[in-house]
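FYI, side chains are in, hydrogens and waters are out, and symmetry mates aren't considered; it's all heavy atoms of this structure. Values in this document were obtained by computation on a predicted structure and should not be read as measured data. Proteins get letters first, then strands, A, B, ... in listed order; numbering begins at 1 in each.
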2 protein chains.
Amino acid sequence: MATILDVAKLAGVSTATVSRVINSPEAVRLKTREKVTNAMRVCNYKYNALARGFATRRSNTIGLIIPTINNQVFAESTRGVQDYADLHETQVLLGNTYYRHGREERLVNTFRERQVDGLIITTTDLRGAVLKTLVDEEVPFVLLYSTLKGGEMTAVGIDNYQGGYQATEHLVKLGHKRIAMVAGNFSVSDRSFHRWHGYRQCLNNNNIPYDRRFLIQTEYSLIGGRHSVTTLLSLPKPPTAIFCSNDYLAIGTIKGARELGYKLPDDLSVVGFDDIRIASYMVPELTTIRQPSYEMGKLGAELLLQRIEKKVKPIQLMLESSLVVRKSTAIPPGEALPADC
Amino acid sequence: MATILDVAKLAGVSTATVSRVINSPEAVRLKTREKVTNAMRVCNYKYNALARGFATRRSNTIGLIIPTINNQVFAESTRGVQDYADLHETQVLLGNTYYRHGREERLVNTFRERQVDGLIITTTDLRGAVLKTLVDEEVPFVLLYSTLKGGEMTAVGIDNYQGGYQATEHLVKLGHKRIAMVAGNFSVSDRSFHRWHGYRQCLNNNNIPYDRRFLIQTEYSLIGGRHSVTTLLSLPKPPTAIFCSNDYLAIGTIKGARELGYKLPDDLSVVGFDDIRIASYMVPELTTIRQPSYEMGKLGAELLLQRIEKKVKPIQLMLESSLVVRKSTAIPPGEALPADC
DNA sequence: TTGTATGCGTTATCAC
DNA sequence: GTGATAACGCATACAA
C-alpha cells in the first residue's frame, strides 16, 4: 500500500509537500500540486486517517453510548449524532449498555483506549464513578436524554418531571382518579424516576391519594408493559388509566389489556412517552409525550464537538417536550353513562 | 498522558517488556510483571489502542454500512454485529446510506481511510463499482441481507424470492385473485426486486394474470405504505390483498386503508415482510415473513472476522425465513357471504 | 513555496 | 526473560 513517501518520490517532492496538498492545497503551487495529484493516482495512494490521528493525537472519532439501538428513540438520536458528525468529518463508534452499569463503564474505557476525541452518553448510572472520572480527567463528553439542570457536566435532555406531570394531568383532567404508572426501573433510568416524580406531584396537587401498588417498575420493553398491566388489572380496585414511561411499555400495556378483554380507550386509558414514529399507527393511536430525539442527538454532537474544541463551558440544555393527545385516552369507564345502563 | 516509555522508566525496564506485560503477560517473570503493573498504576497509564493499530496495521475496527438505523430490522442486525464484535475486542463504526448510492460509496472510502479491518454492508447498489473495487483490492467484506447465491463475495441473507412467493401463496390459498404489491424501490433494493419475482411467479403458477398497475414502488416507510394504498384502492377494480415488501410499508398500508373506511382484514388482507418486534402488537396483528435479523448480523460479523483472518473462502449463506400467519389476512371480501347480504 | 528532521506510542526483530 | 532499536504513515516546526 502506497504511502506519502512513495508519492513524494514519484512526484519528486518531499513528504511535507504531499502532506500539504492533502491538508492545505492552497499552500502549494498549482504546478507542484498537479505533480503530486498525478503521482497519487499513479500509485493508487490511499490516505491513512489512522496515521494522521496518531500524529495529531486527534482521532476525529467520537464514542456514542446508548442503552440499546433496539429502541427507536435511541435509533433516532443516534441518527442525529451520525448526521451531524458526518458533516464534520467525524466518525462514530457505537456501543449498547443494555442498561448495565458494568457495560457502560467497559465501553467508556474501551472507547478511551481507542482515543476517541469525546463521548456522548445516555447514561444508566448518573451518580456512578464513571462520569465523575470523566470530569476529573477532563475527557470531553455530553450526556443525552439527561435530567441535569446544573453542574459541571454538559448535557442535553428534556424536562422529564414536566413530561410526567403533563401526562398525568391529561388523565386527571379526563376525570381519572385511579391512575397507575408502569415505569422503567429507577435504578437504571433516572429519566423514569423524574417522570414518576412528575406523576406523583400531579396526583398530589389534585388531591388524589398515591397508591404504591399502582407503581410498577419493569424493563423497558413490549413484554414489560404486557406483564405489568396484568398485575395492575388484577388489583382489587384496578386503575382506569395507566401512564407508561415509554411507548414500548404503553404498546405492551395496550396489548396486554386487550388480551384481558378490555376495550381501549373506553375501559382503560393509556399514555406513553417518547412519541416514536409508529405511535400514531397503533390502535388506538397512542397519546404520548413527544421528545425531539433526532434534534437531541444532533445538538449533543454539536455540543460535544464544541467541547472538544474547548469553545464552550459546560451547559445543560432542555429541549421542549409536549403532550400529543391521540386516541388511547378517554374519560374513565362509566363516567358519562352509568356502567349498568 | 503517560506512555509505555514512562512506565518503562518508572519500572526500570524496557518498553518491550511493558508491551509484553500488556500483550503476553505469561512471557514475563512474575516479579518484573508486578513492577510494571505497579508503575502503570502510579503514573495512571492508559493504553493507546490507536498506536497499537498503527504499529500492527490492524485497527480491530470494522465498518458497518446500512440503509438506516431507523429501520428496526437494521437495528437488530446491527445489534448482532455489535454483540459479536464486542466478544472479539472489535469496535464497529456505523454509517447510514439512506439508500443513496453516493453515500454508500463515500462511507466505504471513509471507512477504508480509517483503516477498518473489514466491512459489513447492506448494499443499495449490488451491481455498482463499489463492491467490485472491494473485491479487486482484496478488502475483506461481507454483504448482509444479501440476495447472492454464488460468486466471489461473501454474503449472508435469506431467500427473498421464496419469501415473496410464500407471502403471495398464502394470499392465493385464502382465495385472493387481485393481489397487489407495495415494494421498496427496485433501484435501491435488490431484496425488494427478488420478493417481487417470487410474488409474480406465484401468481403465474396459479394462473392469476399479472396486472402491472398492482405494483407500486415506493420508499421504505410508514408514509410510503400509506400513500401507496390510496392509489391502489382507487383503482377501478382494487386489490383485495396487498403484499408489502417490509413491515413498515404494511403498517402504513393498514393505516391508510383504515382511513379510507376499510375494515381489516375483512375488506383487505395485508402481508408484511421482516417480522419486526412490533408486528404482533399491531391491530390487526401482522401476518408477515420472518427473517432472523439479529442472527444475520451475528453471523455476518463472524464471517467477516474469519475473512479477515483469511481462514475462509467466499461463501453465501442463506438463513431460514418463514411465513408467520397472524390476523391481517383473511378470505377475500364477499367470499363466504355474498357482499349484498 | 518547498525541504529536512523529528515526534506520535506501540509492536516486532533481533540480540544478549 | 529482557533490552535496544527500527519500523509504522503522517504532521509540523524550523530552515532554506
Side-chain angles (χ1 to χ4, degrees), chain A residues 1-40 43-61 89 91 109-117, chain B residues 1-40 43-61 89 91 109-117:
Chain A
M1 188 108 294
T3 72
I4 54 169
L5 186 61
D6 300 312
V7 176
K9 281 180 188 161
L10 201 63
V13 301
S14 74
T15 60
T17 299
V18 178
S19 180
R20 282 189 202 101
V21 326
I22 295 171
N23 297 298
S24 44
E26 67 287 351
V28 30
R29 202 197 307 162
L30 178 62
K31 186 118 186 245
T32 321
R33 208 190 307 169
E34 285 173 344
K35 271 198 301 186
V36 173
T37 315
N38 267 319
M40 284 181 169
C43 62
N44 191 26
Y45 170 73
K46 290 268 193 309
Y47 184 70
N48 185 331
L50 215 66
R52 172 182 206 259
F54 180 54
T56 59
R57 266 148 308 171
R58 165 116 190 216
S59 64
N60 292 306
T61 302
E89 283 75 49
Q91 296 306 311
N109 291 332
T110 307
F111 286 172
R112 287 188 67 185
E113 282 191 353
R114 296 280 172 152
Q115 310 303 114
V116 295
D117 297 330
Chain B
M1 187 110 293
T3 73
I4 55 169
L5 185 61
D6 300 313
V7 175
K9 281 180 188 160
L10 201 61
V13 300
S14 75
T15 60
T17 299
V18 178
S19 181
R20 281 190 202 99
V21 326
I22 294 171
N23 297 298
S24 44
E26 65 289 351
V28 30
R29 202 196 307 162
L30 179 62
K31 187 115 188 248
T32 322
R33 207 190 307 167
E34 284 172 345
K35 271 197 304 186
V36 173
T37 316
N38 266 319
M40 283 180 169
C43 62
N44 191 26
Y45 170 74
K46 290 267 194 309
Y47 184 69
N48 184 332
L50 215 67
R52 172 182 206 258
F54 181 54
T56 59
R57 265 148 305 172
R58 164 118 189 215
S59 65
N60 292 306
T61 302
E89 282 76 50
Q91 297 306 312
N109 291 333
T110 306
F111 286 172
R112 288 187 67 184
E113 281 191 354
R114 296 282 173 152
Q115 310 302 113
V116 294
D117 297 328

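One distance of note links OG1 of B:Thr17 with CZ of B:Arg33; it measures 12.5 Å at 0.5 Å rounding.
Every residue two or more places apart in sequence or in another chain that forms a salt bridge (charged side-chain N to carboxylate O under 4.0 Å, His left out) with B:Asp117 is listed here: B:Arg58.
Look at CE on B:Met40: it is 12 Å from C1' on C:dT10, rounded to the nearest Å. To the nearest angstrom, C1' of C:dT11 lies 16 Å from CD of A:Glu113. Between A:Glu34 atom CD and C:dT2 atom P there is a gap of 12 Å when expressed in whole angstrom units.
With hydrogens and angles left out, the side-chain atoms of A:Lys46 and A:Asn44 include a donor and acceptor closer than 3.5 Å.
Residues B:Glu89 and B:Asn60 come closest through the heavy atom pair O-CB, 3.6 Å.
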Protein proximity profile, nucleotides 5-16 of chain D - base contact B, sugar-phosphate-only contact S, no contact -, cut-off 4.0 Å on heavy atoms | B--BBBBB----
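Counting heavy atoms from C-beta outward, A:Arg52 and A:Asn23 have side chains that approach closer than 4.5 Å.
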